[in-house]
2 protein chains.
Amino acid sequence: MQFMTDHDKQTEERIFEAATEVFIEKGLDGSRIQDIADRAGMNKSLLHYYYRSKDRLFDAVFEMIAMKMLKKFAPVFEGDLTLEEKIRFFFREHLSFLQKNPRLPAFLLNEVNRHPERIRKFLANINIENLWKMLYDQHKDELDQYNITREKMPQIITTMASLTVFPFAAKMLLVELFGKAGIKFDDYIEERKTFAADFMISALKNMNRSNPEDESKIKKNDNKKKK
Amino acid sequence: MQFMTDHDKQTEERIFEAATEVFIEKGLDGSRIQDIADRAGMNKSLLHYYYRSKDRLFDAVFEMIAMKMLKKFAPVFEGDLTLEEKIRFFFREHLSFLQKNPRLPAFLLNEVNRHPERIRKFLANINIENLWKMLYDQHKDELDQYNITREKMPQIITTMASLTVFPFAAKMLLVELFGKAGIKFDDYIEERKTFAADFMISALKNMNRSNPEDESKIKKNDNKKKK
DNA sequence: GTCTATAGAAGGATAGAC
DNA sequence: GTCTATCCTTCTATAGAC
């Protein structure tokens, strides 16, 4: 089994892998059964034999990809680290994962927008409120210190997702725009692992200092630091 | 002209508007000439009469949308404001624009990924390096004070875009996830106008303070501020 | 299980009447 | 300019031989 070639793989598995590639590249609407059969090196009627229809095949692929993404997301926030360590860990791990799977964000965001019915069943399992409640409770002391209230958690969580997901969702755009300036996308992502973490931590620690509505607190804080 | 109904509009314009709606909703691959004709209330052969082919019609629509987005982006950074004022202005204006055009981010990002050849000609006009050089030069004093080097500008610009674009690109996802937690997307965006600005400003002002690699610089800066 | 052949529907595009 | 009718291609899906 160690020297198993593509052709030795089970047919169903080969279909699934080819379909994954094609769907990620072209989306559901842009993909053709024939393309998938070609990439899997077989007759297209075999796809119907194993998966009944294009839609069912897509659902199988979509579920796998959604789960893959999800599994990488949540566990990052478990474990016995400080808030700052968790943030650094998240950006390093999640951006590394996306470097290996650069097309997942664009694929998922697009299909969610084009076929929202299709994704409801996957989202039913996700309780995002748990995620931010868990995070908040675990790090209440640190967050209190920075004047971050529980109500800010949705903004904070989505901000972290923005910082990692957007560059990949907009990869084609950035590659094109950066190219003219002599910047390589890969270098930019590598740099982002620490930039995003520094940025996030710095913002959290000092939001009260920069918020004009909190002038009084700022002055109080400044005094504290000076003494 | 004031009481002009849909039916009085010029045919070409009606086609263009219907096409814009359908393409934004379903993407190029998912849109059907027949859908557009139906929405415009006319025979589908008229679309060919005016636009020759589906692709040409799409190009016209795409160019209009890309320009609309672009025109809203750049001018935000002109004018004689402080860096902080510009950042606040950007988040307020850009998020307000997206509130009125919530599907543009998902549409643009998707088409850019699915049909990159098609967008090269639009991107040729954009020099993003100019944008960040301009910003950097205009606010060199403020940025120096915060130890933000010119090399950080790509990270900063893309971070600002992330914070506004991502929530709309992922709108369907967020609506679904927030719904269970009793959060309304519109409220979240409204709150984001100030949150993102506060967050950005706070991060910029204090990145050196939070970056462990810059301990020495932090102390130097603290001293400067105290005297 | 895998292939060939083909049904059957849908989509883009055009010719030609008015 | 606008409509009807129709061509041609492409796509999903199935029937049936092996």
Side-chain angles (χ1 to χ4, degrees), chain A residues 1 4-65 107 110-111 114-115 117-118, chain B residues 1 4-65 107 110-111 114-115 117-118:
Chain A
M1 271 304 193
M4 189 172 77
T5 67
D6 275 3
H7 215 79
D8 296 326
K9 281 184 195 164
Q10 293 306 313
T11 306
E12 190 168 347
E13 190 186 346
R14 273 165 57 214
I15 295 172
F16 191 83
E17 286 175 8
T20 302
E21 290 175 24
V22 173
F23 281 138
I24 286 179
E25 197 173 311
K26 307 197 172 179
L28 173 59
D29 295 334
S31 295
R32 301 291 158 241
I33 290 273
Q34 186 65 60
D35 295 343
I36 298 171
D38 290 349
R39 193 164 314 202
M42 65 181 65
N43 193 283
K44 67 178 172 171
S45 57
L46 269 182
L47 310 209
H48 288 102
Y49 178 78
Y50 281 99
Y51 285 95
R52 197 81 197 142
S53 74
K54 183 186 171 186
D55 272 8
R56 283 170 190 269
L57 177 52
F58 179 83
D59 281 348
V61 168
F62 185 86
E63 172 161 13
M64 183 275 291
I65 292 176
F107 169 76
N110 179 49
E111 298 306 330
R114 295 279 173 262
H115 309 284
E117 347 69 61
R118 208 177 284 274
Chain B
M1 273 302 191
M4 190 173 77
T5 67
D6 274 4
H7 216 80
D8 295 325
K9 281 184 194 165
Q10 294 305 314
T11 305
E12 190 167 349
E13 192 186 344
R14 274 165 56 214
I15 294 171
F16 191 82
E17 287 174 9
T20 303
E21 290 174 24
V22 174
F23 281 138
I24 285 178
E25 197 173 310
K26 307 195 172 182
L28 172 58
D29 295 333
S31 296
R32 302 292 158 240
I33 290 273
Q34 188 63 59
D35 295 344
I36 298 171
D38 289 348
R39 192 164 314 203
M42 65 182 63
N43 193 286
K44 70 176 174 174
S45 57
L46 269 184
L47 309 209
H48 288 101
Y49 178 80
Y50 281 99
Y51 286 95
R52 200 81 197 139
S53 74
K54 183 186 172 186
D55 272 8
R56 282 171 192 269
L57 176 52
F58 179 83
D59 281 347
V61 168
F62 185 87
E63 172 161 14
M64 183 276 290
I65 292 177
F107 170 76
N110 179 49
E111 298 306 330
R114 295 279 173 263
H115 309 285
E117 347 68 60
R118 206 178 285 272

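Chain A is the first sequence line, chain B the second, and so forth, proteins listed ahead of strands; every chain is numbered from 1.
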Taking [atom1] from [X] and [atom2] from [N], how many angstroms apart are they, rounded to a whole number?
X: B:R32; N: D:dT10; atom1: CZ; atom2: P; answer: 15 Å
X: B:I36; N: C:dA10; atom1: CD1; atom2: P; answer: 18 Å
X: A:I15; N: D:dA13; atom1: CD1; atom2: P; answer: 14 Å
X: A:Q34; N: D:dT14; atom1: CD; atom2: P; answer: 16 Å
X: A:Y51; N: D:dA13; atom1: OH; atom2: C1'; answer: 18 Å
X: A:M42; N: C:dT4; atom1: CE; atom2: P; answer: 13 Å
X: A:L57; N: D:dT12; atom1: CG; atom2: P; answer: 11 Å
X: A:D29; N: D:dT12; atom1: CG; atom2: C1'; answer: 14 Å

For the student: nearest non-hydrogen atoms of B:V61 and B:A19, plus distance:
CG2-CB, 4.0 Å

Measure from the side chain of B:Y50, starting at C-beta and using heavy atoms only, and say which of C:dG11, D:dG1, C:dC3 lies closest.
D:dG1

By nearest-nucleotide position on DNA chain D, the 5'-leaning member of B:L46 and A:S31 is B:L46

Got a donor-acceptor contact below 3.5 angstrom from the A:R114 side chain to the B:E25 backbone?
yes

Kindly state whether the ring of B:F23 and the ring of B:F58 have centres lying under 6.0 angstrom apart.
yes

Under a 4.0 Å threshold between the charged nitrogen and the carboxylate oxygen, would B:K26 count as salt-bridged to B:D35?
yes

Between A:D55 and A:R118, is there a side-chain N and carboxylate O pair less than 4.0 Å apart?
yes

Can you check each nucleotide of nucleotides 13-18 of chain C against protein heavy atoms at under 4.0 Å and return B for base, S for sugar-phosphate only, - for none, in 5' to 3' order?
BB----

Under the rule for ring-ring contact (aromatic ring centres under 6.0 Å, His included), what residues qualify as partners of B:Y51, not counting sequence neighbours?
none

